[in-house]
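Take a look at this one; I'll ask things after.
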Amino acid sequence: MSTIKAKDLALALRRKGFHLEQGSRHEQYYFYYEGQKTAVRVSVSRGSGSEYSGKLLGYVIREMHLNRNQFKDFVQCPMTEETYISNLQNVGIL
């Protein structure tokens, strides 16, 4: 996956346990685990036609503590919220 639209990223985040908090310039999505807000945060542009690619996409992937293949699965939905939680636990985030 070399490009993703901001609206598609936001949809995938909401489906997998992230909650929206309005930021000043961007929408801030925080991951919630067992009802608690975690430090995992993703900034998403508010522009309707915004797309992520290149370095910016790499930054989003790092914010989510995934690799590119895992990110692709996250967005395209083979990855469940439970699998994402397991990945965060494996890297010591949760």
Side-chain angles (χ1 to χ4, degrees):
M1 172 173 291
S2 59
T3 302
I4 183 170
K5 292 184 180 200
K7 66 178 185 171
D8 295 334
L9 174 58
L11 180 61
L13 291 169
R14 287 191 305 268
R15 288 181 175 165
K16 307 252 174 65
F18 282 80
H19 296 262
L20 172 64
E21 293 185 14
Q22 296 294 336
S24 59
R25 292 180 45 192
H26 301 291
E27 295 177 336
Q28 304 293 322
Y29 286 87
Y30 286 88
F31 185 69
Y32 278 70
Y33 177 65
E34 296 181 343
Q36 299 293 316
K37 183 177 175 179
T38 70
V40 180
R41 176 185 59 87
V42 178
S43 297
V44 178
S45 175
R46 290 186 179 163
S48 61
S50 297
E51 292 186 344
Y52 289 84
S53 63
K55 288 182 181 181
L56 189 56
L57 181 60
Y59 182 71
V60 169
I61 292 168
R62 282 189 300 280
E63 284 182 322
M64 295 178 68
H65 305 279
L66 297 172
N67 63 41
R68 286 194 178 268
N69 288 333
Q70 291 169 327
F71 179 76
K72 181 179 175 183
D73 286 347
F74 183 94
V75 172
Q76 294 179 347
C77 290
M79 181 184 287
T80 64
E81 183 177 347
E82 291 75 24
T83 303
Y84 183 61
I85 290 168
S86 178
N87 285 339
L88 292 176
Q89 290 170 331
N90 289 339
V91 297
I93 301 300
L94 299 179

| About how many Å separate CD1 of I93 and OG1 of T38, when rounded to the nearest 0.5 Å? | 8.5 Å
| field | From OG1 (T3) to CG (D8), nearest 0.5 Å | value | 11.5 Å
| task | Nearest 0.5 Å please: distance from the NE2 atom of H19 over to the CD atom of Q28. | result | 15.0 Å
| Got more than 12 heavy atoms from elsewhere within 6.0 Å of OH, Y59? | no
| request: Identify the two heavy atoms, one from I4 and one from L57, that lie closest to each other, and give their separation to 0.1 Å. | output: CG2-CD1, 3.7 Å
| So is K37 actually on top of Y30's ring, under 6.0 Å and inside 45° of the axis? | yes
| note | Heavy-atom closest pair (E51 atom, K5 atom, distance to 0.1 Å) is OE2-CE, 3.7 Å
| request: Considering non-hydrogen atoms only, spot the tightest contact between L88 and H65 and give its length. | output: CD2-CB, 3.9 Å
| remark: In this structure, CZ of F74 is separated from CE of M64 (nearest 0.5 Å) by 3.5 Å
| query | Is the CD atom of E82 crowded by more than 12 outside heavy atoms at less than 6.0 Å? | reply | yes
| request: Treat each ILVMFWY residue as a node, draw an edge where side-chain heavy atoms are under 4.5 Å apart, and state whether L56 and L9 are in one component. | output: yes
| remark: Tightest non-hydrogen contact, residues S53 and S2, listed as CB-O, 3.2 Å
| Rounded to the nearest 0.5 Å, how far apart are NZ of K72 and CD1 of I61? | 11.5 Å
| note | Of all heavy-atom pairs linking V44 and A6, the shortest is CG1-O, 3.7 Å
| Got a second to check how far L11's CG is from C77's SG, nearest 0.5 Å? | 7.5 Å
| request: Please answer: with hydrophobic residues joined when any side-chain heavy atoms are less than 4.5 Å apart, are L20 and V42 in the same cluster? | output: yes
| query | What do the steps show when you test L13 against F31 for side-chain contact (heavy atoms from CB on, under 4.5 Å), and what is the final call? | reply | CA-CA 8 Å; L13 291 169; F31 185 69; over 6 Å; no
| Are S86 and T83 linked by a side-chain donor-acceptor pair shorter than 3.5 Å? | no
| query | With under 30° as parallel and over 60° as perpendicular, where do the rings of F18 and Y84 fit, or are they tilted in between? | reply | tilted
